[in-house]
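Small disclaimer: the values here were computed from a predicted structure and weren't measured. Atoms within a ligand are numbered from 1 in the order they appear, just like the ligands themselves.
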Amino acid sequence: MSTDEDSTNETHWDLAPKFDFVDAHRLPFSSDKVSLKKIDTECSGPFEGKAHGRAFTHAANIEIRDLQYRMYTEGKQSLLIVLQAPDAAGKDGLIRKVLGQMNPQGCRTYPFKVPSSEERAHDFLWRIHKATPAAGKVSVFNRSHYEDVLVVRVEDLVPKSVWKERYEIINNFEKLLAHRGTRILKFYLHISPREQLERFKKRLDDPTKHWKLNAGDYAARDKWGDYREAYEDAMEKCHSKIAPWHVIPADKKWYRDASVAAIVRDTLRDMDPKLPEIDADLDEIRQLYERELDEMNE
Ligand code: AMP
Ligand code: MG
């Protein structure tokens with residue numbers, strides 16, 4: 001058998017590798033400065049390669065769906081997943097391949113774009129708060145309230161005196177959500193400028209991706225360092241046990257998907273949602289069923 005055929009055979013992969021993804025990618029809770037430059041954009045974790053990583057993601061997705069179903073029926077806890085990243089780092093792909101695999105009855109994705117005039121006429125959390133998950137639900141934020149201390153800061157959209165107050169406001173907001181029973185996971189998809197440029201090239205070469213092209217993306221590349229600093233500040237000031245940041249090496253798409261799937265799965269396992277206790281009298285319902293069946297068969 002060729003190695004190629006071997007690598008597509010999912011059954012021999014170790015789908016429960018001894019590797020702590022949270023420990024590997026969650027920022028530490030020390031007061032150290034965050035330095036994104038010191039964090040690799042490439043990683044293979046415990047995986048032998050792409051086929052192994054993809055097989056792991058597939059298995060993790062199945063477990064995530066089961067746990068999410070339990071959370072939905074339990075109707076108590078909720079989960080908020082925040083995605084932030086430079087352009088082309090793969091938020092959309094991650095949603096398609098992992099987070100979007102959850103049951104849409106209990107999970108919704110919210111993309112946050114340049115605020116509308118109505119949104120701009122309110123405080124910056126107004127549009128965000130409305131999208132937070134109700135009991136039993138999952139919300140995935142494709143960009144988030146963090147844009148209001150990132151793009152807003154780098155592009156000088158509001159004065160510093162305004163955005164610098166927002167870190168504390170964000171911390172209090174996240175505390176409020178946690179207080180209600182919402183688990184919060186924040187992910188930064190970490191790619192290198194070189195990998196980003198390669199992906200921009202692929203977009204140019206693929207007519208179905210032309211809609212994603214935007215001259216502004218190149219302008220943002222010129223400000224890579226400013227964005228990095230803004231991200232580092234946001235992570236430093238808004239990292240807590242109730243709403244931790246994870247920096248995901250995202251140059252390899254399959255590793256990005258596998259590691260986020262692992263962290264979401266482990267978090268849901270930890271939340272341990274339970275199917276609700278039943279009030280109904282099962283014996284009585286079984287009798288009703290038997291009677292109905294007898295009548296049908298007469
Ligand atoms: P995309 O996610 O590629 O569709 O792009 C959405 C765009 O909206 C990005 O360029 C964001 O920086 C921008 N955006 C999101 N939130 C805000 C905000 N609060 N203020 C200004 N721009 C924002
Ligand atoms: Mg874009």
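The ligand atoms of ligand 1 that sit less than 4.0 angstrom from a heavy atom of Arg127 are 16 (N), 17 (C), 18 (C), 19 (N). Numbered from 1 in the order shown, with element, the atoms of ligand 1 that lie under 4.0 Å from a heavy atom of Asp87 read 3 (O). Those atoms of ligand 1 with a heavy atom of Lys91 less than 4.0 angstrom away are 2 (O).
At a heavy-atom cutoff of 4.0 Å, ligand 1 is contacted by the side chain of Pro115 but not by its backbone. Contacts of Val114 with ligand 1, taken as heavy-atom pairs under 4.0 Å, involve both backbone and side chain. Of the heavy atoms in Lys113, both backbone and side-chain atoms come closer than 4.0 Å to ligand 1. The proximity of Val152 to ligand 1, defined as any non-hydrogen pair under 4.0 Å, is limited to the side chain. Residue-level proximity to ligand 1 for Gln84 is absent, since no heavy atom of it falls below 4.0 angstrom. At a heavy-atom cutoff of 4.0 Å, ligand 1 is contacted by no atom of Asn142, backbone or side chain.
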Could you pull out every donor-acceptor pair under 3.5 Å between side chains of residues 286-298 and any protein atom, sequence neighbours left out?
unit_1 : atom_1 : unit_2 : atom_2 : d
Asn297 : ND2    : Leu293 : O      : 3.4

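Phe187 places a side-chain heavy atom less than 4.5 Å from the side chain of Ile81.
Between Phe200 and Tyr218, the distance separating the two ring centers is shorter than 6.0 angstrom. Ring centroids of His52 and Tyr255 are separated by 6.0 Å or more, keeping the two rings apart. Between Phe29 and His239, the distance separating the two ring centers is shorter than 6.0 angstrom. Taking the six-membered ring for Trp and the full ring otherwise, the centers of Tyr188 and His246 sit at least 6.0 Å from each other.
For ligand 1, one of its N or O atoms has an N or O atom of Asp148 under 3.5 Å away.
Partners of Tyr167 by side-chain contact (heavy atoms from CB on, under 4.5 Å), not counting sequence neighbours, listed by chain and number: Val149, Arg153, Trp163, Asp233, Ala234, Lys237, Cys238.
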